[in-house]
Amino acid sequence: MKKAMILAAGKGERMRPLTDSLPKPLLEVGGKPLIVWHIEKLARAGFIDIVINMAHLGNLIPQALGDGSKWGVKLHFSDEQNEGALESAGGIVKALPLLGNEPFLVVNGDVWCDYEFDSAFELGDGLLAHLILVPNPEHNTKGDFALSKGMISGDGKSRYTFSGIGYYSPNLFKWLEYGKRGLGDLLRDTMLHDAVGGELYSGIWRDIGTPQRLAEINESIKT
Amino acid sequence: MRRLFITDLDHTFLRSDQSISEFSRDTISELTKNHLFTVATARSFHKVGEFLGSLKPNAPMILLDGTMIATNDKKIIDLKLISQEISDEIVSEAIKFGIYPFIIGLEDVGMEELFWYPTILNVYQKEVLQNYKNDPRLALKEPMRAMKRVLKVVFFGTHEILKPLTDHLKSIFGDALEYKLSPENYGGGWFLTLLHPHGDKSHAIITVANYLGYEVGDITVFGDSVNDIGMFELCGTSMAVSNALDGLKTHASEVLPHSNDEDAVAKYLTRFL
(Lines give C-alpha, C1' and ligand atoms only; values in the text may rest on other atoms or scores of the structure.)
Protein backbone atom coordinates (compact mmCIF):
# COMPACT_ATOMS: atom_id res chain seq x y z
CA MET A 1 0.00 0.00 0.00
CA LYS A 2 1.68 3.14 -1.17
CA LYS A 3 -1.14 5.66 -1.22
CA ALA A 4 -2.92 7.49 1.53
CA MET A 5 -5.44 10.28 1.74
CA ILE A 6 -5.77 12.95 4.38
CA LEU A 7 -9.25 14.40 4.70
CA ALA A 8 -8.72 18.10 5.08
CA ALA A 9 -11.83 19.66 3.59
CA GLY A 10 -13.87 20.06 6.77
CA LYS A 11 -15.16 23.52 7.55
CA GLY A 12 -14.05 23.51 11.16
CA GLU A 13 -17.16 25.33 12.40
CA ARG A 14 -16.64 24.16 15.95
CA MET A 15 -13.07 25.41 15.88
CA ARG A 16 -14.02 29.00 15.22
CA PRO A 17 -12.63 31.57 15.63
CA LEU A 18 -9.35 29.67 15.09
CA THR A 19 -10.53 28.48 11.69
CA ASP A 20 -11.65 31.91 10.46
CA SER A 21 -8.26 32.39 8.90
CA LEU A 22 -6.76 28.89 8.86
CA PRO A 23 -8.15 25.55 7.68
CA LYS A 24 -8.33 23.09 10.54
CA PRO A 25 -5.48 20.85 9.32
CA LEU A 26 -3.08 23.79 9.57
CA LEU A 27 -3.84 24.47 13.23
CA GLU A 28 -0.72 23.77 15.20
CA VAL A 29 -0.13 21.05 17.73
CA GLY A 30 3.18 21.27 19.54
CA GLY A 31 4.29 24.02 17.18
CA LYS A 32 3.59 21.96 14.03
CA PRO A 33 0.50 21.95 11.79
CA LEU A 34 -1.70 18.99 12.58
CA ILE A 35 -1.50 17.75 9.01
CA VAL A 36 2.29 17.73 9.10
CA TRP A 37 2.21 15.19 11.95
CA HIS A 38 0.21 12.91 9.65
CA ILE A 39 2.48 13.47 6.65
CA GLU A 40 5.58 12.74 8.71
CA LYS A 41 4.12 9.54 10.06
CA LEU A 42 2.86 8.44 6.63
CA ALA A 43 6.29 9.08 5.15
CA ARG A 44 7.95 7.12 7.97
CA ALA A 45 5.55 4.25 7.39
CA GLY A 46 6.54 4.05 3.72
CA PHE A 47 3.60 5.77 2.03
CA ILE A 48 4.73 7.52 -1.13
CA ASP A 49 1.70 9.30 -2.56
CA ILE A 50 -0.47 11.35 -0.25
CA VAL A 51 -3.70 12.86 -1.50
CA ILE A 52 -5.10 15.79 0.43
CA ASN A 53 -8.55 17.14 -0.27
CA MET A 54 -9.28 20.71 0.59
CA ALA A 55 -12.17 23.12 0.60
CA HIS A 56 -12.42 25.73 3.34
CA LEU A 57 -9.49 28.15 2.83
CA GLY A 58 -8.07 25.34 0.72
CA ASN A 59 -5.35 27.24 -1.10
CA LEU A 60 -3.52 27.80 2.15
CA ILE A 61 -2.79 24.07 2.44
CA PRO A 62 -0.59 23.59 -0.65
CA GLN A 63 1.00 26.94 0.10
CA ALA A 64 2.02 25.70 3.53
CA LEU A 65 3.06 22.19 2.50
CA GLY A 66 4.59 22.43 -0.96
CA ASP A 67 4.92 19.29 -3.08
CA GLY A 68 5.94 16.97 -0.23
CA SER A 69 9.57 16.59 -1.31
CA LYS A 70 10.80 17.75 2.08
CA TRP A 71 9.30 14.57 3.53
CA GLY A 72 10.26 12.42 0.57
CA VAL A 73 6.64 11.97 -0.51
CA LYS A 74 4.46 13.27 -3.31
CA LEU A 75 1.52 15.39 -2.26
CA HIS A 76 -1.51 15.53 -4.51
CA PHE A 77 -4.29 18.00 -3.88
CA SER A 78 -7.93 17.31 -4.62
CA ASP A 79 -9.61 20.68 -4.76
CA GLU A 80 -13.23 20.85 -3.56
CA GLN A 81 -13.41 24.62 -3.18
CA ASN A 82 -15.90 24.91 -6.04
CA GLU A 83 -18.09 22.16 -4.67
CA GLY A 84 -17.94 23.57 -1.14
CA ALA A 85 -16.77 20.25 0.42
CA LEU A 86 -18.13 16.90 -0.68
CA GLU A 87 -18.01 15.31 2.77
CA SER A 88 -15.74 12.36 3.41
CA ALA A 89 -17.03 9.70 1.00
CA GLY A 90 -17.76 12.27 -1.72
CA GLY A 91 -14.23 13.61 -1.30
CA ILE A 92 -12.75 10.13 -1.69
CA VAL A 93 -14.87 9.49 -4.80
CA LYS A 94 -13.55 12.69 -6.33
CA ALA A 95 -9.95 11.85 -5.41
CA LEU A 96 -10.18 8.23 -6.57
CA PRO A 97 -8.34 8.78 -9.87
CA LEU A 98 -5.39 9.97 -7.77
CA LEU A 99 -5.68 7.00 -5.43
CA GLY A 100 -5.60 4.29 -8.08
CA ASN A 101 -6.75 0.69 -8.07
CA GLU A 102 -5.05 -0.64 -4.96
CA PRO A 103 -6.31 -0.39 -1.37
CA PHE A 104 -5.34 2.82 0.39
CA LEU A 105 -5.33 4.43 3.81
CA VAL A 106 -7.52 7.38 4.76
CA VAL A 107 -7.00 9.51 7.84
CA ASN A 108 -9.05 12.42 9.07
CA GLY A 109 -6.98 15.57 9.07
CA ASP A 110 -8.38 16.61 12.40
CA VAL A 111 -7.39 13.73 14.62
CA TRP A 112 -4.28 13.51 16.69
CA CYS A 113 -2.91 10.08 17.55
CA ASP A 114 0.14 7.91 17.93
CA TYR A 115 -1.30 5.09 15.84
CA GLU A 116 1.37 3.87 13.44
CA PHE A 117 0.07 3.68 9.88
CA ASP A 118 0.79 0.36 8.22
CA SER A 119 1.73 0.40 4.55
CA ALA A 120 1.99 -3.42 4.60
CA PHE A 121 -1.64 -3.77 5.64
CA GLU A 122 -3.75 -6.11 3.51
CA LEU A 123 -7.53 -6.09 3.45
CA GLY A 124 -9.02 -9.51 4.16
CA ASP A 125 -10.82 -11.40 1.41
CA GLY A 126 -14.25 -9.95 0.78
CA LEU A 127 -13.63 -6.84 2.86
CA LEU A 128 -14.07 -3.36 1.45
CA ALA A 129 -12.85 -1.55 4.54
CA HIS A 130 -10.91 -2.03 7.75
CA LEU A 131 -11.51 0.62 10.39
CA ILE A 132 -9.43 1.60 13.37
CA LEU A 133 -11.68 2.07 16.39
CA VAL A 134 -10.73 3.70 19.67
CA PRO A 135 -12.22 3.65 23.19
CA ASN A 136 -15.07 6.13 23.44
CA PRO A 137 -13.97 9.63 24.42
CA GLU A 138 -16.09 11.80 26.70
CA HIS A 139 -17.72 13.56 23.79
CA ASN A 140 -18.91 10.30 22.19
CA THR A 141 -19.69 7.94 25.05
CA LYS A 142 -22.10 5.76 23.06
CA GLY A 143 -19.54 5.01 20.38
CA ASP A 144 -20.11 4.76 16.62
CA PHE A 145 -19.78 1.08 15.72
CA ALA A 146 -19.64 -2.30 17.37
CA LEU A 147 -16.66 -4.63 17.06
CA SER A 148 -16.95 -8.40 17.27
CA LYS A 149 -14.36 -10.96 16.15
CA GLY A 150 -12.64 -8.52 13.84
CA MET A 151 -15.86 -7.48 12.11
CA ILE A 152 -17.60 -4.16 12.52
CA SER A 153 -21.33 -3.60 12.64
CA GLY A 154 -23.61 -0.65 13.17
CA ASP A 155 -25.54 -2.23 16.02
CA GLY A 156 -24.24 -4.35 18.82
CA LYS A 157 -22.50 -4.33 22.16
CA SER A 158 -18.80 -3.49 22.62
CA ARG A 159 -19.22 -0.15 20.93
CA TYR A 160 -16.30 2.07 20.09
CA THR A 161 -15.56 5.33 18.37
CA PHE A 162 -14.39 5.46 14.76
CA SER A 163 -10.93 7.02 14.83
CA GLY A 164 -11.21 8.51 11.36
CA ILE A 165 -8.47 6.12 10.24
CA GLY A 166 -9.28 3.30 7.87
CA TYR A 167 -7.94 1.09 5.11
CA TYR A 168 -10.23 0.93 2.08
CA SER A 169 -10.65 -0.95 -1.15
CA PRO A 170 -11.19 1.43 -4.07
CA ASN A 171 -14.17 -0.79 -4.96
CA LEU A 172 -16.06 0.72 -2.05
CA PHE A 173 -16.08 4.06 -3.85
CA LYS A 174 -15.43 3.21 -7.45
CA TRP A 175 -18.97 3.09 -8.78
CA LEU A 176 -20.54 5.73 -6.59
CA GLU A 177 -22.07 8.79 -8.10
CA TYR A 178 -19.99 11.95 -7.83
CA GLY A 179 -21.42 14.33 -5.26
CA LYS A 180 -21.84 15.01 -1.56
CA ARG A 181 -21.82 11.83 0.50
CA GLY A 182 -20.92 11.10 4.09
CA LEU A 183 -18.68 8.17 4.95
CA GLY A 184 -20.71 7.02 7.97
CA ASP A 185 -23.82 5.99 6.04
CA LEU A 186 -21.81 4.31 3.31
CA LEU A 187 -19.89 2.30 5.91
CA ARG A 188 -23.05 1.41 7.80
CA ASP A 189 -24.67 0.09 4.61
CA THR A 190 -21.55 -1.86 3.78
CA MET A 191 -21.37 -3.35 7.29
CA LEU A 192 -24.81 -4.85 6.75
CA HIS A 193 -23.19 -7.01 4.10
CA ASP A 194 -20.33 -8.17 6.33
CA ALA A 195 -17.75 -6.33 4.30
CA VAL A 196 -16.18 -4.11 6.99
CA GLY A 197 -13.53 -5.34 9.38
CA GLY A 198 -11.72 -3.49 12.09
CA GLU A 199 -9.63 -3.41 15.22
CA LEU A 200 -9.43 -1.55 18.47
CA TYR A 201 -6.50 0.78 19.02
CA SER A 202 -5.92 1.76 22.62
CA GLY A 203 -3.06 4.24 22.29
CA ILE A 204 -3.30 8.01 22.23
CA TRP A 205 -6.07 9.35 20.05
CA ARG A 206 -7.80 12.73 20.17
CA ASP A 207 -10.34 14.37 17.99
CA ILE A 208 -9.48 18.05 17.65
CA GLY A 209 -13.08 19.13 17.81
CA THR A 210 -12.98 22.40 19.71
CA PRO A 211 -10.42 25.08 20.60
CA GLN A 212 -10.54 23.77 24.15
CA ARG A 213 -9.56 20.23 23.08
CA LEU A 214 -6.76 21.63 20.96
CA ALA A 215 -5.47 23.58 23.94
CA GLU A 216 -5.60 20.44 26.08
CA ILE A 217 -3.57 18.47 23.57
CA ASN A 218 -1.00 21.20 23.30
CA GLU A 219 -0.82 21.21 27.07
CA SER A 220 -0.32 17.45 27.23
CA ILE A 221 2.45 17.52 24.67
CA LYS A 222 4.45 20.03 26.70
CA THR A 223 4.54 17.70 29.69
CA MET B 1 -55.54 -29.05 -36.10
CA ARG B 2 -55.57 -25.81 -34.17
CA ARG B 3 -52.47 -23.86 -34.96
CA LEU B 4 -50.27 -22.38 -32.21
CA PHE B 5 -48.96 -18.83 -32.70
CA ILE B 6 -46.50 -17.28 -30.28
CA THR B 7 -45.40 -13.66 -30.57
CA ASP B 8 -42.88 -11.44 -28.93
CA LEU B 9 -44.46 -8.24 -27.61
CA ASP B 10 -42.21 -5.18 -27.69
CA HIS B 11 -41.49 -3.94 -31.23
CA THR B 12 -43.22 -7.03 -32.64
CA PHE B 13 -46.85 -7.29 -31.61
CA LEU B 14 -46.95 -4.00 -29.72
CA ARG B 15 -46.67 -0.77 -31.59
CA SER B 16 -43.70 1.40 -30.74
CA ASP B 17 -45.85 3.39 -28.30
CA GLN B 18 -46.64 0.05 -26.60
CA SER B 19 -50.25 0.11 -27.73
CA ILE B 20 -52.23 -2.55 -29.58
CA SER B 21 -54.38 -1.35 -32.44
CA GLU B 22 -58.10 -2.02 -32.70
CA PHE B 23 -57.37 -4.05 -35.83
CA SER B 24 -54.88 -6.28 -34.00
CA ARG B 25 -57.31 -6.79 -31.12
CA ASP B 26 -60.15 -7.78 -33.44
CA THR B 27 -57.92 -10.10 -35.42
CA ILE B 28 -56.69 -11.94 -32.33
CA SER B 29 -60.20 -12.22 -30.90
CA GLU B 30 -61.30 -13.90 -34.09
CA LEU B 31 -58.16 -16.02 -34.36
CA THR B 32 -58.48 -17.45 -30.86
CA LYS B 33 -61.89 -18.92 -31.72
CA ASN B 34 -60.12 -21.56 -33.82
CA HIS B 35 -56.42 -21.34 -32.98
CA LEU B 36 -54.08 -20.86 -30.07
CA PHE B 37 -52.34 -17.54 -29.59
CA THR B 38 -49.95 -16.43 -26.89
CA VAL B 39 -46.89 -14.30 -26.15
CA ALA B 40 -43.17 -14.86 -25.43
CA THR B 41 -41.78 -11.76 -23.81
CA ALA B 42 -39.29 -10.36 -21.35
CA ARG B 43 -42.20 -8.63 -19.66
CA SER B 44 -43.86 -9.72 -16.44
CA PHE B 45 -47.30 -11.23 -15.94
CA HIS B 46 -48.46 -7.95 -14.51
CA LYS B 47 -47.14 -5.85 -17.38
CA VAL B 48 -48.42 -8.19 -20.09
CA GLY B 49 -51.85 -7.97 -18.51
CA GLU B 50 -51.64 -4.17 -18.74
CA PHE B 51 -50.66 -4.25 -22.41
CA LEU B 52 -53.17 -6.84 -23.51
CA GLY B 53 -56.12 -5.56 -21.52
CA SER B 54 -59.21 -7.44 -22.64
CA LEU B 55 -57.23 -9.54 -25.09
CA LYS B 56 -56.77 -13.01 -23.56
CA PRO B 57 -54.09 -15.42 -24.81
CA ASN B 58 -55.59 -18.91 -24.94
CA ALA B 59 -52.29 -20.74 -24.49
CA PRO B 60 -49.71 -20.45 -21.68
CA MET B 61 -47.71 -17.23 -21.78
CA ILE B 62 -43.91 -17.24 -21.83
CA LEU B 63 -42.93 -14.43 -19.49
CA LEU B 64 -39.77 -12.81 -18.18
CA ASP B 65 -37.75 -14.11 -21.12
CA GLY B 66 -38.79 -17.65 -20.45
CA THR B 67 -38.22 -17.91 -16.71
CA MET B 68 -41.96 -18.11 -16.12
CA ILE B 69 -44.72 -19.84 -17.98
CA ALA B 70 -48.21 -19.04 -16.78
CA THR B 71 -51.72 -19.09 -18.07
CA ASN B 72 -53.89 -16.09 -18.39
CA ASP B 73 -55.83 -17.18 -15.29
CA LYS B 74 -52.69 -17.24 -13.12
CA LYS B 75 -51.82 -20.89 -13.24
CA ILE B 76 -48.04 -21.29 -13.14
CA ILE B 77 -46.92 -23.99 -15.55
CA ASP B 78 -43.19 -23.65 -15.01
CA LEU B 79 -40.64 -21.52 -13.20
CA LYS B 80 -36.93 -21.47 -13.81
CA LEU B 81 -35.58 -20.21 -10.52
CA ILE B 82 -32.12 -19.51 -9.17
CA SER B 83 -31.85 -20.89 -5.65
CA GLN B 84 -31.93 -18.44 -2.78
CA GLU B 85 -28.59 -19.80 -1.60
CA ILE B 86 -26.84 -19.15 -4.92
CA SER B 87 -28.46 -15.74 -5.19
CA ASP B 88 -27.17 -14.73 -1.78
CA GLU B 89 -23.72 -15.96 -2.76
CA ILE B 90 -23.89 -13.84 -5.91
CA VAL B 91 -24.60 -10.81 -3.73
CA SER B 92 -21.60 -11.56 -1.49
CA GLU B 93 -19.27 -12.04 -4.43
CA ALA B 94 -20.43 -8.85 -6.14
CA ILE B 95 -19.90 -6.80 -2.99
CA LYS B 96 -16.18 -7.52 -3.32
CA PHE B 97 -16.44 -5.47 -6.51
CA GLY B 98 -18.38 -2.76 -4.72
CA ILE B 99 -21.56 -3.41 -6.69
CA TYR B 100 -24.97 -4.60 -5.55
CA PRO B 101 -27.63 -6.19 -7.75
CA PHE B 102 -31.32 -5.83 -8.26
CA ILE B 103 -33.06 -9.11 -7.50
CA ILE B 104 -36.28 -9.97 -9.25
CA GLY B 105 -38.37 -12.83 -7.99
CA LEU B 106 -41.75 -13.92 -6.81
CA GLU B 107 -43.44 -13.64 -3.46
CA ASP B 108 -43.28 -16.89 -1.48
CA VAL B 109 -46.76 -17.92 -2.54
CA GLY B 110 -48.68 -16.61 -5.52
CA MET B 111 -47.37 -14.89 -8.61
CA GLU B 112 -46.87 -11.29 -7.64
CA GLU B 113 -43.40 -10.18 -8.58
CA LEU B 114 -40.87 -8.66 -6.26
CA PHE B 115 -38.17 -6.24 -7.35
CA TRP B 116 -35.65 -5.69 -4.60
CA TYR B 117 -32.98 -3.02 -4.78
CA PRO B 118 -30.04 -2.09 -2.55
CA THR B 119 -29.22 1.05 -0.60
CA ILE B 120 -25.89 1.61 -2.30
CA LEU B 121 -26.56 2.36 -5.96
CA ASN B 122 -24.38 3.44 -8.81
CA VAL B 123 -25.51 6.11 -11.22
CA TYR B 124 -26.78 3.55 -13.79
CA GLN B 125 -28.87 1.78 -11.22
CA LYS B 126 -30.33 5.09 -10.12
CA GLU B 127 -31.44 5.82 -13.67
CA VAL B 128 -33.07 2.43 -13.98
CA LEU B 129 -34.88 2.93 -10.71
CA GLN B 130 -36.15 6.28 -11.93
CA ASN B 131 -37.95 4.42 -14.72
CA TYR B 132 -39.58 2.10 -12.20
CA LYS B 133 -40.39 4.89 -9.76
CA ASN B 134 -44.06 4.09 -9.26
CA ASP B 135 -43.76 0.36 -9.74
CA PRO B 136 -45.54 -1.37 -6.86
CA ARG B 137 -43.10 -4.28 -7.02
CA LEU B 138 -40.16 -2.13 -5.90
CA ALA B 139 -38.81 -2.56 -2.41
CA LEU B 140 -35.62 -1.38 -0.77
CA LYS B 141 -33.82 -4.36 0.74
CA GLU B 142 -31.37 -3.60 3.49
CA PRO B 143 -29.21 -5.60 3.68
CA MET B 144 -29.46 -6.88 0.13
CA ARG B 145 -30.61 -10.49 0.19
CA ALA B 146 -32.48 -12.81 -2.10
CA MET B 147 -36.12 -13.76 -1.77
CA LYS B 148 -37.04 -17.46 -1.72
CA ARG B 149 -38.02 -17.60 -5.39
CA VAL B 150 -35.48 -15.73 -7.50
CA LEU B 151 -36.11 -15.30 -11.22
CA LYS B 152 -33.12 -13.17 -12.02
CA VAL B 153 -30.30 -11.16 -10.54
CA VAL B 154 -29.45 -8.06 -12.54
CA PHE B 155 -26.52 -5.68 -12.36
CA PHE B 156 -26.37 -2.33 -14.12
CA GLY B 157 -23.19 -0.42 -14.82
CA THR B 158 -20.52 0.04 -17.44
CA HIS B 159 -18.72 -2.69 -19.34
CA GLU B 160 -15.70 -1.81 -17.20
CA ILE B 161 -17.64 -2.70 -14.04
CA LEU B 162 -19.52 -5.69 -15.35
CA LYS B 163 -17.00 -7.61 -17.44
CA PRO B 164 -14.66 -8.52 -14.56
CA LEU B 165 -17.68 -9.25 -12.38
CA THR B 166 -19.07 -11.59 -15.06
CA ASP B 167 -15.74 -13.42 -15.34
CA HIS B 168 -15.48 -13.74 -11.59
CA LEU B 169 -19.03 -15.08 -11.21
CA LYS B 170 -18.46 -17.54 -14.06
CA SER B 171 -15.36 -18.85 -12.32
CA ILE B 172 -17.44 -19.55 -9.22
CA PHE B 173 -20.86 -20.60 -10.44
CA GLY B 174 -19.96 -22.06 -13.83
CA ASP B 175 -22.84 -23.79 -15.57
CA ALA B 176 -25.22 -23.26 -12.68
CA LEU B 177 -26.17 -19.92 -14.20
CA GLU B 178 -26.79 -18.27 -17.52
CA TYR B 179 -24.85 -15.00 -17.88
CA LYS B 180 -26.08 -12.33 -20.23
CA LEU B 181 -23.87 -9.27 -20.49
CA SER B 182 -25.32 -6.76 -22.93
CA PRO B 183 -25.35 -3.08 -23.70
CA GLU B 184 -28.52 -1.16 -23.01
CA ASN B 185 -30.25 0.22 -26.04
CA TYR B 186 -29.98 3.72 -24.71
CA GLY B 187 -27.75 5.68 -22.34
CA GLY B 188 -24.46 3.83 -22.88
CA GLY B 189 -24.86 1.55 -19.88
CA TRP B 190 -24.54 -2.22 -19.74
CA PHE B 191 -26.39 -4.82 -17.80
CA LEU B 192 -25.60 -8.30 -16.60
CA THR B 193 -28.51 -10.65 -16.13
CA LEU B 194 -28.03 -13.88 -14.24
CA LEU B 195 -30.62 -16.56 -14.85
CA HIS B 196 -31.34 -20.24 -14.54
CA PRO B 197 -29.41 -21.85 -17.44
CA HIS B 198 -32.69 -22.92 -19.01
CA GLY B 199 -34.43 -19.61 -18.37
CA ASP B 200 -34.85 -18.57 -21.98
CA LYS B 201 -37.57 -18.40 -24.59
CA SER B 202 -36.56 -21.54 -26.50
CA HIS B 203 -36.57 -23.81 -23.45
CA ALA B 204 -39.91 -22.29 -22.55
CA ILE B 205 -41.30 -22.99 -26.01
CA ILE B 206 -40.42 -26.66 -25.61
CA THR B 207 -42.19 -26.72 -22.26
CA VAL B 208 -45.27 -25.07 -23.71
CA ALA B 209 -45.25 -27.46 -26.68
CA ASN B 210 -45.05 -30.47 -24.38
CA TYR B 211 -47.75 -29.05 -22.16
CA LEU B 212 -50.12 -28.60 -25.07
CA GLY B 213 -49.07 -31.79 -26.88
CA TYR B 214 -47.60 -29.96 -29.87
CA GLU B 215 -44.41 -30.52 -31.81
CA VAL B 216 -42.20 -27.42 -31.96
CA GLY B 217 -42.24 -27.84 -35.72
CA ASP B 218 -45.94 -27.04 -35.67
CA ILE B 219 -45.47 -23.70 -33.92
CA THR B 220 -45.32 -20.30 -35.62
CA VAL B 221 -43.36 -17.57 -33.83
CA PHE B 222 -42.98 -13.83 -34.39
CA GLY B 223 -40.13 -11.68 -33.22
CA ASP B 224 -37.87 -8.68 -33.79
CA SER B 225 -34.69 -9.06 -31.77
CA VAL B 226 -31.72 -11.24 -30.90
CA ASN B 227 -33.43 -12.76 -27.87
CA ASP B 228 -35.85 -14.34 -30.35
CA ILE B 229 -33.14 -16.20 -32.30
CA GLY B 230 -33.38 -19.33 -30.15
CA MET B 231 -37.10 -19.78 -30.70
CA PHE B 232 -36.77 -18.85 -34.38
CA GLU B 233 -34.34 -21.71 -34.92
CA LEU B 234 -36.50 -24.10 -32.93
CA CYS B 235 -39.94 -23.53 -34.36
CA GLY B 236 -41.39 -24.69 -37.66
CA THR B 237 -42.32 -21.24 -38.90
CA SER B 238 -40.56 -18.09 -37.76
CA MET B 239 -41.67 -14.68 -38.94
CA ALA B 240 -39.60 -11.52 -38.46
CA VAL B 241 -41.40 -8.18 -38.54
CA SER B 242 -40.00 -5.82 -41.16
CA ASN B 243 -38.45 -3.65 -38.43
CA ALA B 244 -36.60 -6.64 -36.94
CA LEU B 245 -32.84 -6.54 -36.46
CA ASP B 246 -30.90 -7.92 -39.41
CA GLY B 247 -29.33 -10.40 -37.02
CA LEU B 248 -32.74 -11.98 -36.55
CA LYS B 249 -33.97 -11.74 -40.14
CA THR B 250 -31.29 -14.19 -41.25
CA HIS B 251 -32.83 -16.77 -38.89
CA ALA B 252 -36.42 -16.19 -40.09
CA SER B 253 -38.36 -18.42 -42.45
CA GLU B 254 -39.88 -15.25 -43.78
CA VAL B 255 -39.66 -11.50 -43.25
CA LEU B 256 -43.09 -9.89 -43.02
CA PRO B 257 -43.82 -7.00 -45.35
CA HIS B 258 -45.01 -4.81 -42.47
CA SER B 259 -43.56 -3.36 -39.30
CA ASN B 260 -44.89 -3.51 -35.75
CA ASP B 261 -46.41 -0.07 -36.23
CA GLU B 262 -48.26 -1.40 -39.28
CA ASP B 263 -49.69 -4.36 -37.36
CA ALA B 264 -47.43 -6.84 -39.14
CA VAL B 265 -48.39 -9.80 -36.93
CA ALA B 266 -52.15 -9.27 -37.14
CA LYS B 267 -52.02 -8.68 -40.89
CA TYR B 268 -50.25 -11.99 -41.35
CA LEU B 269 -52.71 -13.79 -39.08
CA THR B 270 -55.80 -12.67 -41.00
CA ARG B 271 -55.15 -15.52 -43.43
CA PHE B 272 -56.03 -18.00 -40.66
CA LEU B 273 -59.37 -16.45 -39.78
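So that the names make sense, note that chain A is the first sequence line, chain B the second, and so on, each numbered from 1.
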- prompt: At what distance, to the nearest 0.5 angstrom, does CD1 of Ile99(B) lie from NZ of Lys174(A)?
  reply: 11.5 Å

query: How long is the span from the CD1 atom in Ile120(B) to the CG atom in Leu172(A), to the nearest 0.5 Å?
result: 7.0 Å

- line: Whatever's closer than 4.5 Å to a heavy atom in chain B on Leu186(A) counts as both

message: Less than 4.5 Å to any heavy atom of chain B: does that hold for the side chain of Arg181(A), its backbone, both, or neither?
response: side chain

Counting neighbours of [atom1] on [X] that are heavy atoms of other residues, nucleotides or ligands and sit closer than 6.0 Å, is the number greater than 12?
X	atom1	answer
Glu85(B)	CD	no
Glu40(A)	CD	yes
Glu102(A)	CD	no
Lys249(B)	NZ	yes
Asp114(A)	CG	yes
Tyr132(B)	OH	no
Ile172(B)	CD1	yes

Donor-acceptor check, side chain of [X] to backbone of [Y], threshold 3.5 angstrom: yes or no?
X	Y	value
Asn171(A)	Lys96(B)	yes
Trp175(A)	Tyr124(B)	no
His193(A)	Pro143(B)	no

task: Kindly indicate, with the supporting measurements, whether the criterion side-chain contact (heavy atoms from CB on, under 4.5 Å) is fulfilled by Phe97(B) and Leu128(A).
output: CA-CA 9 Å; Phe97(B) 290 75; Leu128(A) 292 173; over 6 Å; no

- request: Would you mind telling me which of Leu127(A), Asp189(A), Leu123(A) has the largest number of heavy-atom pairs within less than 4.5 Å of chain B?
  value: Asp189(A)

query: Can you check side-chain contact (heavy atoms from CB on, under 4.5 Å) on Glu177(A) and Asn122(B), steps first, answer last?
result: CA-CA 6 Å; Glu177(A) 198 174 5; Asn122(B) 64 39; over 6 Å; no

